[in-house]
Amino acid sequence: MSEEDEDKSVFGPGFVASCIVVGAVLVCGVLVLVSGRTSDGSGTPSSGTASSAPARGSAEVTASATSSSGGTQPVSRSTGGSGRATANGCRLPVTDQAMPTKAPAADSWEVSRRVVVPRSKTYGPAGTDADGFRRCFAHSPTGAVFAAYNVVAALADQRQVVATVQKLMVPGAKADALIRELSTAEPPTNSPVTQVAGFRLLDAGRDRATVLIAVPVQTGYMSLTLTLVWYAGDWRVQPPPPGEPVGAPFSQHRDLDDFVTWTGV
């Protein structure tokens with residue numbers, strides 16, 4: 001994106017800079033082609049006006065759970081007596097279907113692909129692949145929130161983005177189109193990392209949930225939208241239509257007043 005295009009973007013320089021800060025497909029690459037779009041399609045940010053707050057969350061963090069390859073160390077699956085086996089072999093306790101209105105309890109926060117994400121014996125992830133991809137989340141709205149945080153981490157390493165999308169997205173024509181598009185894109189290198197600051201659960205049913213994820217940017221906060229679908233025994237992301245960015249619609253926010261603040265940093 002040129003400096004002229006950046007200046008014309010309704011999101012402003014801070015929002016466009018987040019494409020570099022987050023270092024993930026959901027706000028980089030495809031997004032810069034459509035950065036003038038907003039959640040209501042009117043060309044106006046849907047929440048608040050950008051402030052001149054300094055950049056936040058750009059420093060990398062480390063944890064003992066991080067492996068030398070940038071992923072997290074594999075963990076054993078939960079086998080509690082109240083658990084329930086799913087199609088992908090996960091086994092997690094049966095939890096309530098209430099929408100979380102406050103920060104869920106996490107057993108620990110770990111670094112996964114440079115992003116700090118939660119882990120819980122109740123909500124997941126109950127499995128980690130050799131490449132650091134985290135899977136097996138509880139079949140509940142809270143499990144969907146845990147999964148959404150881990151989506152950000154999963155997409156943070158664009159060197160593995162095609163393989164990640166194959167695991168992460170609901171299979172179908174839309175996922176295939178996204179994979180083709182990503183296969184021809186040149187992944188950015190040496191991008192700094194941001195951290196998830198909070199969430200808002202817009203709606204949730206037993207097999208579908210829409211989660212707003214807030215991340216800090218130079219001008220305040222940016223939110224991205226993830227629709228998760230229960231598929232083959234785990235939460236997966238609903239792919240966007242061809243040509244649309246993962247995570248749209250996007251919005252700017254002055255603060256986290258409309259979100260549940262929940263972060264491990």
Side-chain angles (χ1 to χ4, degrees), residues 1 9-12 14-41 43 45-47 57 112-115 117 133-134 144-158 160-162 164-170 172 174-175 177-179 181-182 185 187-188 191 193-204 208-229 235-253 256 258-259 262-263:
M1 175 175 288
S9 169
V10 297
F11 293 104
F15 180 89
V16 176
S18 72
C19 292
I20 301 172
V21 172
V22 175
V25 66
L26 66 167
V27 287
C28 293
V30 185
L31 171 59
V32 297
L33 301 177
V34 288
S35 62
R37 296 180 183 175
T38 60
S39 58
D40 59 7
S46 64
S47 177
S112 176
R113 300 182 180 182
R114 304 191 301 162
V115 178
V117 289
F133 182 82
R134 295 153 68 93
V145 171
F146 272 76
Y149 270 55
N150 281 272
V151 167
V152 177
L155 293 172
D157 185 356
Q158 291 204 335
Q160 304 184 74
V161 69
V162 173
T164 296
V165 166
Q166 291 172 331
K167 296 180 180 183
L168 190 63
M169 300 289 166
V170 176
K174 292 179 181 179
L178 179 60
I179 291 169
E181 189 166 7
L182 292 171
S191 59
V193 67
T194 193
Q195 305 302 334
V196 182
F199 72 90
R200 178 166 44 147
L201 198 57
L202 295 183
D203 61 71
R208 186 183 181 91
T210 302
V211 187
L212 287 185
I213 295 294
V215 298
V217 294
Q218 193 172 27
T219 53
Y221 295 91
M222 178 196 74
S223 68
L224 53 110
T225 308
L226 297 174
T227 297
L228 294 98
V229 177
W235 290 109
R236 293 206 189 184
V237 177
Q238 181 66 54
E244 293 288 328
V246 178
F250 305 88
S251 299
Q252 276 188 306
H253 307 267
L256 295 175
D258 294 330
F259 293 83
W262 191 39
T263 181

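FYI, the numbering just counts along the sequence from 1. Only this structure's heavy atoms are used, side chains among them; waters, hydrogens and symmetry mates stay out.
When the side chain to side chain contact (heavy atoms under 4.5 Å, CB included) test is applied to Arg200, the partners found at least two apart in sequence or on another chain are Leu202, Leu212, Asp258, Phe259. Scored by the side chain to side chain contact (heavy atoms under 4.5 Å, CB included) test, Ala153 finds Ser112, Val115, Val117 as partners (sequence neighbours excluded). Under the rule for a salt bridge (Lys or Arg N to Asp or Glu O under 4.0 Å), the partners of Lys167 that lie at least two apart in sequence or sit in another chain are Asp129, Asp131. Every side chain to side chain contact (heavy atoms under 4.5 Å, CB included) that Ala204 has, sequence neighbours left out, goes to Met99, Pro141, Leu201, Ala209. Listed by chain and number, the residues in a ring-ring contact (aromatic ring centres under 6.0 Å, His included) with Phe146 are Tyr123, Trp262 (sequence neighbours excluded).
Residues Val211 and Phe199 share a closest heavy-atom pair of CG1-CB, 4.2 Å. Closest heavy-atom contact between Ser223 and His253: OG-NE2, 2.8 Å. Here the closest non-hydrogen pair linking Pro240 and Leu178 is CD-CD2, 4.3 Å. Smallest separation of non-hydrogen atoms from Trp235 and Ala147: CB-CB, 3.9 Å. Closest of all the heavy-atom pairs between Tyr221 and Pro216 is CD2-CA, 3.7 Å.
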Exercise for review: Tell me, with the steps shown, if Met222 and Val215 meet side chain to side chain contact (heavy atoms under 4.5 Å, CB included).
Suggested key: CA-CA 5 Å; Met222 178 196 74; Val215 298; 3.5 Å; yes
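Val196 is not listed as a side-chain neighbour of Thr263, based on a closest heavy-atom distance of 4.5 Å or more. For the pair Lys174 and Glu244, the minimum side-chain heavy-atom distance is 4.5 Å or more. At a threshold of 4.5 Å between non-hydrogen side-chain atoms, the residues Met169 and Val246 count as touching. Side-chain contact between Arg113 and Thr164 is present, with at least one heavy-atom pair separated by less than 4.5 Å. Within the 4.5 Å cutoff, the side chain of Leu168 has heavy atoms near those of the Phe133 side chain.
Under the 3.5 Å distance criterion, the side-chain polar atoms of Thr225 are matched with a main-chain donor or acceptor of Pro249.
Separation of atoms CG (Leu226) and CZ (Arg236) is listed at 15.5 Å; rounding is to 0.5 Å. Taking CG from Leu224 and CD1 from Ile213, the interatomic distance works out to 6.5 Å, rounded to the nearest 0.5 Å. Atom CD in Gln166 sits 12.0 Å away from atom CD in Gln160 (nearest 0.5 Å).
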